Q: 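One structure coming up, written as structure tokens, with questions to follow.
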Amino acid sequence: MGVTKEDVEAAITSALSPSHLVVTDTSGGCGASYEIEVVSEKFEGKRLLERHRMVNTALAPHMAEIHAVSIKKALTPAQAQPQPQPEPAADKPQA
């Protein structure tokens with residue numbers, strides 16, 4: 001039996017205490033390929049490469065059975081907040 005989605009979630013949760021975590025098994029159910037989105041305060045002050053290394057370190061005990069990990073998002077809580085959109089100009093006169 002390969003690594004389960006729950007195994008991946010538990011490893012990341014234990015290491016990074018995420019406020020948001022989405023793990024998607026993209027292998028068709030065999031547990032060999034995952035996409036990950038994670039938001040954690042532990043990413044504060046870290047560059048993207050360092051964040052990815054933190055996720056990979058959390059998954060190290062399982063990596064012998066996982067063939068591919070795609071980290072789609074590794075954000076701080078502030079970065080994960082929706083950015084305010086500018087208000088459209090109301091009744092702006094056209095020239």
Side-chain angles (χ1 to χ4, degrees):
M1 174 89 185
V3 176
T4 66
K5 174 184 168 188
E6 290 76 18
D7 292 335
V8 173
E9 290 171 341
I12 294 171
T13 298
S14 175
L16 300 175
S17 305
S19 58
H20 174 77
L21 176 62
V22 176
V23 176
T24 306
D25 183 344
T26 57
S27 66
C30 73
S33 179
Y34 292 94
E35 285 185 354
I36 299 169
E37 294 181 14
V38 59
V39 177
S40 175
E41 289 183 2
K42 293 189 178 186
F43 292 149
E44 291 288 348
K46 305 279 194 263
R47 293 181 179 202
L48 184 60
L49 180 59
E50 293 172 288
R51 295 173 187 189
H52 283 222
R53 285 180 178 155
M54 291 169 72
V55 173
N56 286 326
T57 298
L59 296 175
H62 303 293
M63 288 308 285
E65 296 181 66
I66 297 175
H67 296 275
V69 172
S70 176
I71 304 168
K72 295 295 186 182
K73 293 181 183 176
L75 305 173
T76 66
Q79 291 171 324
Q81 294 300 316
Q83 300 300 315
Q85 298 297 319
E87 295 283 330
D91 297 321
K92 187 175 183 181
Q94 294 184 358

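Excluded from the calculations below are hydrogen atoms, water molecules and symmetry mates; all remaining heavy atoms, backbone and side chain alike, are included. As the structure is a prediction and not an experimental result, all values here were calculated from the model.
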Q: Atom NZ in Lys72, atom CD1 in Ile36: separation rounded to 0.5 Å?
A: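 Interatomic distance, Lys72 NZ to Ile36 CD1, rounded to 0.5 Å: 11.0 Å.
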
Q: Step by step, would you call Val55 with Phe43 a side-chain contact (heavy atoms from CB on, under 4.5 Å)?
A: CA-CA 10 Å; Val55 173; Phe43 292 149; 4.0 Å; yes

Q: Looking at Ala10, is its backbone amide N or carbonyl O close enough to the side chain of Ser14 to form a donor-acceptor pair, meaning the two atoms are under 3.5 Å apart?
A: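 No, the answer is negative, given that no donor and acceptor are paired below the 3.5 Å cut-off.
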
Q: May I ask you to test the Met63-Val69 pair for a side-chain heavy-atom distance under 4.5 Å?
A: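 Met63 reaches Val69 side chain to side chain.
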
Q: Do any N or O atoms from the side chain of Asn56 and from the backbone of Arg53 form a donor-acceptor pair under 3.5 angstrom?
A: no

Q: Does some side-chain heavy atom of Val8 sit less than 4.5 Å from a side-chain heavy atom of Ile66?
A: yes

Q: CD of Glu9 to CG of Asp7: how many Å apart, nearest 0.5 Å?
A: 9.5 Å

Q: Mind checking whether Val39 and Pro77 have side chains closer than 4.5 Å, heavy atoms only?
A: yes

Q: For the residue pair Glu65 and Val3, what are the closest heavy atoms and their distance?
A: CB-CG2, 3.6 Å

Q: When you measure from the side chain of Thr24 to the backbone N and O of Thr26, does any donor-acceptor pair fall under 3.5 Å?
A: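 A pair under 3.5 Å: no.
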
Q: Could you grab the distance from atom CG of Asp25 to atom CD of Glu6, nearest 0.5 Å is fine?
A: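 The distance works out to 9.5 Å.
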
Q: Give the minimum heavy-atom separation between Ser17 and Ser40, together with the two atoms involved.
A: O-OG, 4.3 Å

Q: Counting C-beta onward and ignoring hydrogens, is there a side-chain heavy-atom pair between Glu35 and Ser70 closer than 4.5 Å?
A: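 When only atoms from C-beta onward are counted, Ser70 and Glu35 do touch, with a gap below 4.5 Å.
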
Q: Measuring from atom OG1 of Thr76 to atom CD of Gln81, what distance do you get when rounded to the nearest 0.5 angstrom?
A: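 Going from the OG1 atom of Thr76 to the CD atom of Gln81 covers 9.0 Å.
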
Q: So how far is it from His67 NE2 to Ser27 OG, rounded to the nearest 0.5 Å?
A: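 His67 atom NE2 to Ser27 atom OG measures 9.0 Å (nearest 0.5 Å).
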
Q: For Gln79, is the CD atom crowded, meaning more than 12 foreign heavy atoms sit under 6.0 Å from it?
A: yes

Q: Does a side-chain heavy-atom distance below 4.5 Å link Leu75 with His20?
A: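 A side-chain contact under 4.5 Å is absent here.
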
Q: Measure the spacing between CG of Leu48 and CD of Glu50 and express it to the nearest 0.5 Å.
A: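 Nearest 0.5 Å value for the CG-CD distance: 9.5 Å.
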
Q: May I ask you to check whether over 12 heavy atoms, not counting those of Lys42, lie within 6.0 Å of atom NZ?
A: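 Correct, the count exceeds 12.
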
